[in-house]
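Taking it in order: structure first as structure tokens, then the write-up.
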Amino acid sequence: MIQYISKIRFGLSPFMVLSLCIGLILLPSHLNAQSRDQKVNLYVQNLFAITEIMVSDVTPPTGASRFYAYSTLGAYAAMVGEQGIKHSFINEFNQPLNINYPDPVEIDSTFSAIYCMLEVGKGIMPSGKLLGKTQEELFQKFKTNRWTNKKILENSIAYAQEIAQQILTYSKSDGYGQLSALPRYTPANKPGTWYPTPPAYLMAIDPEWKTIRTFYIKDLERFKPVPPAPFSMEKNSAFYKQVKEVYDTTRVLNQEKRLIANFWDCNPFMVSYSGHMAIGLKKISPGGHWVNITGIASKKAKLSFFQAVEVHAMVSLGLHDAFISCWEEKYDSDRIRPETVINRHLDQNWRPILQTPPFPEYTSGHSVISRTSAVLLTSYFGENFSYTDTSEEYFGLPARKFKSFLQASDEAAISRLYGGIHYRDAIEVGINQGNKIAHHILGRIKPQGTLSQK
């Protein structure tokens, strides 16, 4: 039996210039810069409450991306309705989401958007009901600070609940509820195929995730990467050379590369042993790390509340589709992890720097979703947007500074080689896969509001 211990933390482009201008126009005139920052902080803090639930539930990276997508969609849909935006990200979904907005009443748009986000999270996550306390705290904060009156808060709750219910109904048709009825994954036990890894030997996670409905990708085949290097332990083969690279690299890592590997670990399934007791260390998911980065960038750029809601929804929806594309390839190629190969053929005592996640190797999930997120964020904030990522400070790791989102995504990708859990082709092809997904999404959404058309 595993006992779990919870640990978590948390140049402007032309696009940004236009976004800032429109955001300021949409803000009521009585709101100043300080109150705007306060609203964005409030949004980020309440989104982190959703992250806490995911960590507590040991939500896999795939499931986390789905929960972020629908929760942030709740906030975004509430804002779109309140501001009467005709063209939004929602208009471009593969399966239409036609929200019937309530009759106009006086509401607080900030409160209703956050409340709706929490309401969706409450209804979609296994332990989501715990967010009821967060909603009550949000209500009391607005009431105590007299940010608005009780009647408007009641109107805002009713408005948020009606939108949230429609989003939850929409989510129920995406295939998630049918996953448990699909055939279970069984290791093929063939040369080069995936097999459970130490120390917990967990079974493969979400082998049928490809059946989940996407938001923007219509045909997964369009984003299918080139095949991985064929399995061969011949010393002149491409596969063997990559195995040897992982083995050699991890044996001579300097302090900086070890730090990079651990900074981007983001493994919700990490297990350590104390005597006969298995202890699970709960961590934020890879998608959660990029959601945190989005919040850091939103605060640094001093986005309006609407802009912060918008960019979080864009990144989260991108994460959702990127994970589906990546997982489809993982179980199609079903490739063996470095740990298994090295232990069988090179060194039975070797262990990777990071604990190997419980699913096939190709392509690298970090590479795919990090590049997808980085391209989407770059389209919003610009190519040279520097920031300090404090996401891992809670784990005792120092913050890292990045000159751009693309630089961060490159580091996240190569961290998997340093960690000893991915081969180079899974990393490089994964980056290309994520890049293609992000540009496809940007081409689909073509927003008229706060993002310029390409």
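Bear in mind the structure is a predicted one, so any value in this text is a computation, not a measurement. The residues of the chain are indexed from 1 along the displayed sequence. Side chains included, hydrogens not; waters and symmetry mates left out as well; all remaining heavy atoms used.
- By the salt bridge (charged side-chain N to carboxylate O under 4.0 Å, His left out) test, Arg424 is found to be paired with Glu245, Glu428, residues two or more places apart in sequence or in another chain being considered.
- Listed by first and then second residue, the side chain to side chain donor-acceptor pair (under 3.5 Å) pairs that reach into residues 209-226 are Tyr70-Arg213, Asn94-Thr214, Gln95-Arg213, Ser173-Arg213, Lys224-Glu328, Lys224-Glu329, Lys224-Asp332, sequence neighbours excluded.
- The side chain to side chain contact (heavy atoms under 4.5 Å, CB included) check on Ala188 picks up Lys190, Thr193, Asp334, with sequence neighbours excluded.
- Legend: residues meeting salt bridge (charged side-chain N to carboxylate O under 4.0 Å, His left out) with Glu411, ordered by chain and number and at least two apart, are Arg400.
- Using a 30° and 60° split on the angle between ring planes, Phe93 and Tyr170 fall in the parallel class, below 30°.
- Judged as a side chain to side chain donor-acceptor pair (under 3.5 Å), and not counting sequence neighbours, the contacts of Ser409 are Arg371.
- Shown here are the side chain to side chain donor-acceptor pair (under 3.5 Å) partners of Ser367, two or more places apart in sequence or in another chain: Ser364.
- Residues meeting the ring-ring contact (aromatic ring centres under 6.0 Å, His included) test with His422, sequence neighbours left out: none.
- Ring geometry for Tyr176 versus Phe67: interplanar angle over 60°, hence perpendicular rather than tilted (30 to 60°).
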Check residues 112-121 and write down every donor-acceptor pair under 3.5 Å in which the side-chain atom is one partner and the other belongs to a residue at least two apart or another chain.
unit_1, atom_1, unit_2, atom_2, d
Ser112, OG, Asp108, O, 3.1
Ser112, OG, Ser109, O, 3.1
Glu119, OE1, Lys122, NZ, 3.3
Glu119, OE1, Gln135, NE2, 2.7

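- Legend: residues meeting ring-ring contact (aromatic ring centres under 6.0 Å, His included) with His312, ordered by chain and number and at least two apart, are Tyr43.
- For residues 140-152, every residue pair satisfying the side chain to side chain donor-acceptor pair (under 3.5 Å) rule, not counting sequence neighbours, is listed here: Glu136-Gln140.
- His320 and Phe215 have their aromatic ring centers within a separation under 6.0 angstrom.
- Scanning for side chain to side chain donor-acceptor pair (under 3.5 Å) contacts around Thr363 gives Gln433, with sequence neighbours left out.
- Not counting sequence neighbours, the partners of Gln407 by the side chain to side chain contact (heavy atoms under 4.5 Å, CB included) test are Phe402, Lys403, Ser404.
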